[in-house]
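Remarks on the structure that follows.
Chain naming here is simple, since letters A, B, ... match the order of the sequence lines and numbering starts at 1 in each.
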There are 2 protein chains.
Amino acid sequence: MWQAMPDPSPASLQDHLGYWLRMVSNAVSHGFARQVEQEGVTVAEWVVLRVLFDATHLAPSVVAERMGMTRGAISRLADRLVDKKLVDRATDTADRRGQTLALTPAARALVPRLAALADGNDAEFFAVLTPAERMEFDRMCRKIAAARGLTGAPTA
Amino acid sequence: MWQAMPDPSPASLQDHLGYWLRMVSNAVSHGFARQVEQEGVTVAEWVVLRVLFDATHLAPSVVAERMGMTRGAISRLADRLVDKKLVDRATDTADRRGQTLALTPAARALVPRLAALADGNDAEFFAVLTPAERMEFDRMCRKIAAARGLTGAPTA
DNA sequence: TGGATTTAATTTCCTAGTCAACCAATATGT
DNA sequence: ACATATTGGTTGACTAGGAAATTAAATCCA
């Protein structure tokens with residue numbers, strides 16, 4: 001089928017796996033962004049809300065670590081979410097440098113709606129895959145994430 | 001194994017496939033960004049170079065379409081690449097609104113080095129997958145991309 | 001031919017990140 | 001106990017990209 005070729009040019013762009021991954025990921029995020037903006041939040045804001053949903057309250061630094069963003073970004077993100085009355089910010093009672101972020105009741109009600117949008121968006125984009133493929137895809141994503149310590153859970 | 005649960009809370013964040021995809025994609029891009037910055041280019045710049053590599057010259061609008069970015073972004077990206085002496089910009093002879101972007105010889109020499117970095121980065125991140133899994137992952141990415149018209153080739 | 005429309009690219013304005021400098025509060029070490 | 005280092009968070013300067021307005025050229029068509 002294939003003959004050895006002298007001095008091959010670099011693999012076609014399509015052969016860089018990272019390239020396709022970025023294309024697909026960007027498209028999925030983009031699609032999701034369009035969906036959630038109807039609810040008045042950005043993708044990054046959604047992730048913060050979703051992270052906080054599973055905890056009563058969390059330090060900004062922890063949120064930053066789980067999201068893979070800088071503290072500065074979380075600081076501003078928290079500003080916006082406080083403005084939108086979706087997050088309450090309080091100073092930690094024990095260590096007064098510390099802050100703690102928590103969802104407002106409004107946010108707690110909003111998260112399930114956003115989660116449904118996320119699921120719908122996923123369903124739309126991954127519809128071309130068979131159910132078995134979807135499971136495989138998911139499994140491999142997690143496998144890579146786990147290997148790189150991108151667990152979304154505290155590293156310690 | 002599983003019992004039906006009344007009023008389940010939204011699927012854990014880990015269950016959103018798009019979430020993991022974004023995590024992995026961001027990590028891969030980030031890793032690659034660190035690698036290519038040694039060569040003095042950004043990831044976006046690399047993609048432009050790589051797209052141009054397979055063509056003698058291309059209109060900015062075509063590059064934008066293939067990369068999934070706006071024309072404005074490509075305009076600025078081209079500015080930077082021209083500054084770096086990696087891209088030549090010329091006005092289309094036939095239609096004087098049109099521009100055409102082409103790699104300089106320096107860029108043409110650089111691209112294979114960058115491609116090697118990309119391949120190395122991919123290898124590093126996807127090392128946890130078996131070769132068979134890597135092929136599957138690649139195939140599924142392309143399948144999704146194709147279904148969404150993210151072919152990297154002209155749509156028409 | 002000459003005015004309206006379309007098209008290619010650029011530019012302006014805005015948002016959202018990073019990085020690094022910074023401020024405050026807490027630990028540490030002698 | 002007190003100066004120093006460390007830690008948690010914020011802020012300022014900067015970069016990259018998107019959306020929409022803008023400019024210039026080409027096409028349409030009466």
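- Look at B/D122 and B/R134 and you find no salt bridge, because none of the NZ, NE, NH1 or NH2 atoms lies under 4.0 Å from a carboxylate O.
- The CE-P distance, from A/M69 to D/dT10, rounds to 13 Å in whole Å.
- Rounded to the nearest 0.5 angstrom, B/M23 CE and A/M67 CE are separated by 9.0 Å.
- With C/dT26, C/dG17, D/dA16 as the candidates, the nucleotide lying closest to the side chain of B/T42 is D/dA16.
- Within the 4.5 Å cutoff, the side chain of B/R139 has no heavy atoms near those of the B/R142 side chain.
- The residue among A/L77 and A/A94 whose nearest nucleotide of DNA chain C lies closer to the 5′ end is A/L77.
- When side chains are defined from C-beta on, A/K143 counts as touching B/L129, because their heavy atoms get closer than 4.5 Å.
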Task: Base versus backbone protein contacts along nucleotides 6-13 of chain C [heavy-atom cut-off under 4.0 Å; B, S, -] - done: -BBSBBBB
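- Counting to the nearest Å, the P atom of D/dG8 and the NE2 atom of A/H57 are 15 Å from each other.
- For A/L58 and D/dG9, the CG to C1' distance is 15 Å, given to the nearest whole Å.
- Judged purely by atom type and a 3.5 angstrom limit, B/K84 uses its side chain to pair as donor or acceptor with the backbone of B/G40.
- Atom pair A/E65:CD and D/dT7:C1' shows a separation of 15 Å (rounding to whole Å applied).
- Between B/F137 and A/F137, the ring-plane angle classifies as parallel under the 30° and 60° cut-offs.
- Per the geometry, CD belonging to B/E37 stands 9 Å off P belonging to C/dC19, to the nearest Å.
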